[in-house]
Amino acid sequence: MYRTHHCNELRQSHAGETVTLCGWVNTVRDQGGVIFIDIRDREGVTQCVFRAEENEEANKLSHTLRGEDVIQVTGRVDVRPEIDGQSTFNDKIDTGEVELVATELTVLNKAEVLPFQLDKELSNEDLRMKHRYLDLRRPRMSKNIRLRGDITNSIRNNLAEQGFTEVETPILSKSTPEGARDFLVPARLSPGKFYALPQAPQQYKQLLMVAGVERYFQIARCFRDEDLRADRQPEFTQVDIEASFVNSDDIFTLIEGMLVDIFKVSHGVDVPTPFERVDYWHAMDTYGSDKPDRRFGSEIVDLTEVFADSGFGVFKKAIEGGGVVRAINAKGFASVSTGQVKRLEECAKEAGAGGLAYIQVRGEDVSKWRSPIIKFFNETELEAIKDKLDIEDGDLILFGCDKRQTVCDVLGRLRLEVAEMCGWLEGKEDILDFFWVVDFPLLGYDEEEGKWNAVHHPFTRPKADDVAKLDDESQWADIRAEAYDVILNGNELGGGSIRIHESDLQSKMFSVLGIDEEEQAENFGHILGAFAYGAPPHGGIALGLDRLVMLAAGEESIREVIAFPKNNKGNDLMSASPAEVDFKQLRELYLKSTVDDKKKS
RNA sequence: GGAGUGGUGGCUCAAUUGGUUAGAGCACCGGCCUGUCACGCCGGAGGUUGCGGGUUCAAGUCCCGUCCACUUCGCCA
């Protein structure tokens, strides 16, 4: 037996016992005669005291210890003494009332000097990743990784209790043209052909419903070959769920229960249920986002009627073209700097706006307002916006005018940017604003491609009341889907839908999406076939586990909750992957690179 | 593919906006210390300022190129 206790276990009640601890040398405080070593394992830290009078050899050896050496210490648990009437208790550590008086020391493994110190925050991401195994030793990382484990446990328990069966689905699967770029794996046994890594187990889980599994879940690794972000990795994990004979409400109840348990585990709080449900268009019109952050106000106000006949040409033209004029009031931000205005304008342009109209409200009197556009407004318009936007001295008003969708995007983004600039979220980190966004549109028109795409995915069921509209293209934009997203504080935790389970409806859906019969047979023949043999009504959801754990851990990047993440470019700096492979390996796969590598050497 | 920020001893950062021998804290090495807990004290070692070029009497600082990292847009549920 290596040890009798872990390093966060000993208390005054253990006094007098002889115990053995194992762990890493956290700190060394060499006083010459007496030496204090804090020994650390994943649970915590315990102070060991080495004195020559207890064991001369151990004391001597203790002088050679350095940070991160792995040691085994045996000794007697003592309550920390009073020295000159002063307590030597350390209330910063849980074991601070005792110490281990060492009688035996074994160095299990010496450590070289580390490339970075574990007791300091490190800004060098590069270095952290290169020595990730050391980075993970730090308490914050270790806590995150263990929280992730606790959360997946909680999810498994929760779903098992509800009768869900965990089923694994293939990692080597088939490329589908829809959605993100696939990772491809050459199939040696079928020269010239490729597997694709799954972007999500979507089709498999529906087929499991046809198979009569009824309640499926999987903590599933998914792959997408797109550019990375702080909250995006090429491989990521979804909590994938599908159930038969359920409606949206059943899914909501299930997921709410699961999330309540998760935040009980991570925050120790009871999240109230049921979560509020917000209509998609209400979210878009009010917050300019389908995953709004509602922890602060500055909601979007429609001013289309006010400016319907405006003397300001830009507004008037937008409205005449079927567009809208809307604005947000950034309360108290009239002090915005020129640089910030520029940044906001950039932001608006990125979201599709032509420019940014604004008013800096500096005083009660309109003559003191600073704005490039206000001179075009008449008295009635000014009174109307004062009233509708609740304008007070010190406010900043930001306008958007264009098509409804564009204005939503623009003002939605500005709203978040302003919140960032003004620190509106400071002190609100503990708020947990969970809700559902429902009644998504089923279809969205892609201007570039000139075709209709599925907003969620092609298997999403239209709302019963809207099914008939599939026959009339002019009504496609108005079809609502039986789809839902669950949101927390402006983050999409997951989304799902009730699916189509009839092959004729599914076939019609494919047609609407511009997938002809031949292509349907080729790419989706198996699922259409399956639906012909008695597919039960079913639906499900997928939650992004990485993001969920990130939020539960209070981190800002999913890399902080993934043991071995990839960097911006999809590289693993520790193992130096991806890497070149031997020519022979490629030959066996019938592959030849076309990369021009004259830049090398 | 575009944009932004950054790259200075092992780590975190500084260096008067172009001017002496590139500094400090931590870590490291040596010494001292029997109650420390971010221990303390004395001493020491450690640098091709990411790389390449240019401007200049003089470049960590300015210019061009390039590489790397992070953030972001495009892309991506």
Side-chain angles (χ1 to χ4, degrees), chain A residues 26-40 45-54 59 62-63 66-68 78 80-93 95-96 99 101 112-131 134 178-182 199-200 202 222-234 236 238 240 290-291 343 346-347 349-352 413 417 440 448 453-457 460 483 485-486 491-497 541-544 546-547 556-557 559 567-569 571 573 599-600:
Chain A
N26 201 49
T27 50
V28 178
R29 292 179 298 279
D30 190 343
Q31 304 288 307
V34 65
I35 177 163
F36 300 94
I37 306 283
D38 286 349
I39 183 169
R40 183 198 75 234
V45 165
T46 302
Q47 171 167 285
C48 306
V49 197
F50 293 83
R51 287 195 207 94
E53 49 272 33
E54 294 287 347
N59 176 264
S62 72
H63 284 279
R66 205 163 49 184
E68 300 308 308
D78 270 5
R80 292 196 185 192
E82 273 195 11
I83 304 292
D84 301 331
Q86 287 278 312
S87 166
T88 56
F89 286 7
N90 181 357
D91 56 14
K92 286 181 194 153
I93 55 174
T95 59
E99 59 192 10
V101 181
E112 296 279 315
V113 176
L114 266 45
F116 52 85
Q117 289 164 254
L118 300 186
D119 59 345
K120 299 212 159 50
E121 275 298 314
L122 191 63
S123 59
N124 193 335
E125 209 86 3
D126 194 349
L127 197 71
R128 289 179 60 197
M129 289 305 163
K130 206 163 178 172
H131 305 276
L134 295 179
E178 297 279 319
R181 191 178 296 118
D182 286 316
Q199 295 180 22
Q202 184 59 38
C222 305
F223 306 86
R224 288 178 192 149
D225 189 7
E226 298 290 349
D227 283 14
L228 279 58
R229 288 285 187 285
D231 63 349
R232 251 159 47 191
Q233 286 272 300
F236 59 99
Q238 282 191 348
D240 198 44
D290 61 357
K291 45 173 180 155
R343 171 79 200 103
E346 255 172 53
C347 216
K349 282 182 178 166
E350 273 170 10
R413 212 184 275 207
E417 189 66 27
F440 278 80
E448 263 178 49
N453 286 330
V455 169
H456 187 54
H457 57 55
T460 305
D485 281 357
V486 59
N491 293 278
E492 182 198 322
L493 292 181
S497 60
I541 191 166
L543 304 181
D546 306 287
R547 197 175 294 171
E556 285 186 354
S557 165
R559 286 176 208 166
N567 77 0
N568 241 344
K569 295 211 170 69
N571 296 330
L573 296 174
K599 274 185 184 171
K600 301 250 169 70

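Protein chains get the first letters and strands the later ones, always in sequence-line order, with residue 1 at the start of each.
Using a 4.0 Å heavy-atom criterion, one finds that A:G179 contacts the sugar-phosphate atoms exclusively. As judged by a 4.0 angstrom heavy-atom cut-off over every strand, A:N567 is placed among residues touching the sugar-phosphate backbone only. As judged by a 4.0 angstrom heavy-atom cut-off over every strand, A:N491 is placed among residues making no nucleic acid contact. Contact annotation for A:N124: backbone-only contact, meaning every heavy-atom pair under 4.0 Å involves sugar-phosphate atoms and none involves a base. When heavy atoms are screened at a 4.0 angstrom cut-off, A:E346 is found touching no nucleic acid atom at all. When heavy atoms are screened at a 4.0 angstrom cut-off, A:R559 is found touching the sugar-phosphate backbone but no base atom.
Remark: A:N568 is in phosphate contact with B:U71, judged by side-chain N or O atoms under 4.0 Å from OP1 or OP2. The side chain of A:R66 contributes an N or O atom lying less than 4.0 Å from OP1 or OP2 of B:C29. Look at A:Q199 and you'll find a side-chain N or O under 4.0 angstrom from OP1 or OP2 of B:A77. Contact between the side-chain N/O atoms of A:K130 and the OP1/OP2 oxygens of B:A69 is not found at any separation under 4.0 Å. The side chain of A:R80 contributes no N or O atom lying less than 4.0 Å from OP1 or OP2 of B:U36.
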Under 3.5 Å, which N/O atoms of the protein pair with N/O atoms of nucleotides 41-45 of chain B?
none

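You cannot call A:F116 stacked on the base of B:C11; the centres under 5.5 Å and planes under 30° rule is not satisfied.
A distance of about 37 Å separates the P atoms of B:A3 and B:G47, rounded to the whole Å. Look at the C1' atom in both B:C37 and B:A45: the space between them is 28 Å, to the nearest Å.
Between A:L228 atom CG and B:U72 atom P there is a gap of 11 Å when expressed in whole angstrom units.
The listed nucleotides are B:U34, B:A77, B:G74; the one nearest the side chain of A:E53 is B:U34.
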Donor-acceptor pairs are to be reported for all side-chain atoms of residues 224-233 of chain A against protein atoms at under 3.5 Å, with residues two or more places apart or in another chain.
{"from": "A:R224", "atom 1": "NE", "to": "A:Q199", "atom 2": "O", "distance (Å)": "3.4"}
{"from": "A:R224", "atom 1": "NH2", "to": "A:Q199", "atom 2": "O", "distance (Å)": "3.0"}
{"from": "A:E226", "atom 1": "OE2", "to": "A:R181", "atom 2": "N", "distance (Å)": "2.9"}
{"from": "A:R232", "atom 1": "NE", "to": "A:D227", "atom 2": "O", "distance (Å)": "3.4"}
{"from": "A:R232", "atom 1": "NH2", "to": "A:D227", "atom 2": "O", "distance (Å)": "2.8"}
{"from": "A:Q233", "atom 1": "OE1", "to": "A:K566", "atom 2": "N", "distance (Å)": "2.8"}
{"from": "A:Q233", "atom 1": "NE2", "to": "A:K566", "atom 2": "O", "distance (Å)": "2.8"}

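Not one N or O on the side chain of A:D78 forms a donor-acceptor pair closer than 3.5 Å with the backbone of A:R80.
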